[in-house]
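Have a look at the structure below, then the notes.
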Amino acid sequence: MQLRQRLPTASASTLVAGGITTLVGVVSSAAIVFQAARALGAGPAEIASWILALGVGIGVTSIALSLRYRAPVVLAWSTPGAALLATSGHGVSMSEAVGAFLLAAALTVVVGLTGLFERAVDLIPASIAAALLGGVLLQFGIGVFTTMQDQFWLVASMLAGYLLGKRLLPRYAVLIALVVGVALAGAQGSLRLGGVEIALAAPVWVWPSWSLHTTISIAIPLFVITTTSQNLPGVVTLRTHGYSTPVSPLLSWTGAVNVVLAPLGCFGINLAAITAALCMGRDAHEDPAQRYKASIASGVCYVLLGIFGATLGGLIAAFPLALITALAGIGLLDTIGGSLAKATEDADSRTAALIAFLVTASGLTVFGIASVFWGLVAGVAAHLITRRRS
């Protein structure tokens, strides 16, 4: 009886939020992971092992950290890291790549254990943090309407279902949008489930090796871009939604799990930002203290995804891209609005927050470092210049 009282019970809205988080995170970027693996010479067995390691690593760590801190700690694989491997991995052996994965993960552990990253993040003004989150998510909100150019009725119907849900059944508004989208895609014949075959993934171990070339060209850039474009906005997302979860243990455990699973193809797992916001809004649960259950649901989905990693390709091909794009944007509308409201509520810091928002939303990349970092730099600099001395 006591065990049942300790185990969290999830509502339908938290289960839906968790499932959508995994669906959006995987479908929107899995193709890049496949490209990265192929660039390093991976075959179907190695690719399935990558998905197994990433899925189980993300899922188990998300579940454990969410239960430990009773906060929606959502992890994901490093999409910019996969893009780096896809473009820079040609000619690199799989063993050298695994050595680079291990080194990048070890650097994450060091940053977590020293507490340097957390101390730096805690210095970011709340308005700037909210602006960064809004800038990161803006393109997903815009994506709801740009996809209407090609799939007007599909996306418009999903949006209409969401708006009606917000009025009649607010906690299930995103679920209603998903149901409408799947039903209409099926009616249009664009939902192709016939190519999905259930197949289990098996681990493929690769012994690591190191070289100066891969250290400079892969390991260090992988660590830098994952830290600045994934972990930084991930922490900002937590803070903006009111969660004071300690950052250093999150990074330490994430890096440690990555070290253990790197030989199986776990190139980079990190705090999620965009998909994490789906688990932190009111659509996941009215009570912020209960939203960690959505991240647990997402973690369970990731574990299942990893176990059935060989099935992933068919699942990705089954859903129309417009449906996934619209679903992500619709699920983030409230979060985008809340971020903008918080970023601009203080008149004294509004200009600095606006600069941070615009730089982040611009997609500016300098020296291979993503716009969220430059948005932070520009916003903090503007804040220091314009703030009034008391």
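Bear in mind that the values here come from a model prediction, so they are computed numbers and not experimental data. Values reported hereafter were calculated over all heavy atoms of this structure, with side chains retained and with hydrogens, waters and symmetry mates removed.
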Discussion item. Is there a side-chain contact between Pro263 and Trp205 in this structure, where contact means two heavy atoms from C-beta onward sitting under 4.5 Å apart?
Written reply: yes
Worksheet item: Can you tell me if Thr226 uses its side chain to pair, donor with acceptor, with the backbone of Phe223 under 3.5 Å?
Response: no
Fill in: Joint hydrophobic cluster, Val182 plus Ile20, side-chain heavy atoms closer than 4.5 Å
yes
Worksheet item: According to a 4.5 Å side-chain heavy-atom criterion applied to Ile, Leu, Val, Met, Phe, Trp and Tyr, with indirect links allowed, do Leu184 and Leu323 form part of one hydrophobic cluster?
Response: yes
Worksheet item: Hey, is the main chain of Pro249 close enough, under 3.5 Å, to the side chain of Ser252 for a donor-acceptor pair?
Response: no
Fill in: Same apolar cluster: Val206 and Leu261, side chain cutoff 4.5 Å
yes
Worksheet item: What's the shortest heavy-atom distance between Ala39 and Leu85, and which atoms?
Response: CB-O, 3.8 Å
Worksheet item: If you round to the nearest 0.5 Å, how far is CG of Leu250 from CG of Asn231?
Response: 9.0 Å
Discussion item. Nearest 0.5 angstrom please: Thr147 OG1 to Leu154 CG, how far?
Written reply: 8.0 Å
Item to complete: Using the rule that two of Ile, Leu, Val, Met, Phe, Trp, Tyr join whenever any of their side-chain heavy atoms come within less than 4.5 Å, decide whether Val74 and Tyr69 are in one cluster.
Response: no
Discussion item. Is there a path of hydrophobic side-chain contacts, each under 4.5 Å between heavy atoms, that joins Trp153 and Leu164?
Written reply: no
Worksheet item: In terms of side-chain heavy atoms, does Thr22 have a donor or acceptor partner in Ser298 at a distance below 3.5 Å?
Response: yes
Worksheet item: Given Leu232 and Leu376, is the side chain to side chain contact (heavy atoms under 4.5 Å, CB included) satisfied, shown in steps?
Response: CA-CA 10 Å; Leu232 174 59; Leu376 171 63; 3.8 Å; yes
Practice prompt. Can you see which heavy atom on Ile218 is nearest to which on Ala100, and at what distance?
Written response: CG2-CB, 3.6 Å
Item to complete: Please report the closest heavy-atom contact between Val259 and Ala105, naming both atoms and the distance.
Response: CG2-CB, 3.6 Å
Item to complete: To the nearest 0.5 angstrom, please state how far the CG atom of Leu340 sits from the CG atom of Leu138.
Response: 7.5 Å
Practice prompt. Return yes if a side-chain donor-acceptor contact under 3.5 Å exists between Ser66 and Ser295, otherwise no.
Written response: yes
Discussion item. Counting C-beta onward and ignoring hydrogens, is there a side-chain heavy-atom pair between Thr360 and Trp374 closer than 4.5 Å?
Written reply: no
Worksheet, complete the sentence: What one should report as the nearest heavy-atom pair of Ala262 and Phe101 is CB-CB, 3.9 Å
Worksheet entry | Considering all heavy atoms, the nearest Ile128-Ala356 contact | CG2-CB, 4.1 Å
Worksheet entry | Check: Gln290 side chain, Asp287 main-chain N or O, donor-acceptor pair, under 3.5 Å | no
Discussion item. What I'd like to find out is whether the side chain of Trp77 reaches to under 4.5 Å of the side chain of Val33, using heavy atoms alone.
Written reply: yes
Worksheet entry | Donor-acceptor pair, side chain of Arg291 and main chain of Cys279, under 3.5 angstrom | no
Discussion item. Once rounded to the nearest 0.5 Å, what's the spacing between atom CZ of Arg38 and atom CG of Leu40?
Written reply: 12.0 Å
Item to complete: Report yes if some heavy atom in the side chain of Ile355 is under 4.5 Å from a heavy atom in the side chain of His383; otherwise report no.
Response: no
Worksheet item: Roughly how far apart are Trp253 CH2 and Leu75 CG, rounded to 0.5 Å?
Response: 13.0 Å
Worksheet item: Okay, side chain of Ser49, backbone of Leu264: is any donor-acceptor separation there less than 3.5 Å?
Response: yes
Worksheet entry | Criterion side chain to side chain contact (heavy atoms under 4.5 Å, CB included) on Tyr302 and Val56, from CA distance to verdict | CA-CA 6 Å; Tyr302 266 110; Val56 172; over 6 Å; no
Worksheet item: Is it true that a side-chain atom of Tyr243 and a backbone atom of Pro288 form a donor plus acceptor pair closer than 3.5 Å?
Response: yes
Worksheet item: So which heavy atom on Ala71 is nearest to which on Thr245, and how close?
Response: CB-OG1, 3.3 Å
Fill in: CA sep, side-chain torsions, deciding dist, call: Thr215, Ile220, side chain to side chain contact (heavy atoms under 4.5 Å, CB included)
CA-CA 6 Å; Thr215 297; Ile220 295 176; 4.3 Å; yes
Worksheet item: When you check the side-chain N and O atoms of Ser211 and Thr214, is any donor under 3.5 Å from an acceptor?
Response: yes
Worksheet item: Below 4.5 Å, heavy atoms only, C-beta onward: do Val144 and Val155 meet side chain to side chain?
Response: yes
Fill in: Audit row: Thr14, Tyr292, side chain to side chain contact (heavy atoms under 4.5 Å, CB included) steps and yes/no
CA-CA 8 Å; Thr14 56; Tyr292 75 96; over 6 Å; no
Worksheet item: With a 4.5 Å limit on heavy-atom distance, are the side chains of Leu271 and Val235 in contact?
Response: yes
Worksheet, complete the sentence: d(Met158 CE, Ile330 CD1) to nearest 0.5 Å is 4.5 Å
Worksheet item: Does Val236 offer a backbone N or O that forms a donor-acceptor pair with the side chain of Arg239 under 3.5 Å?
Response: no
Practice prompt. Determine whether Phe117 and Val110 make a side-chain contact, defined as any pair of heavy atoms from C-beta on separated by less than 4.5 Å.
Written response: no
Worksheet item: Do the non-hydrogen side-chain atoms of Ser78 and Phe267 ever get within less than 4.5 Å of each other?
Response: yes
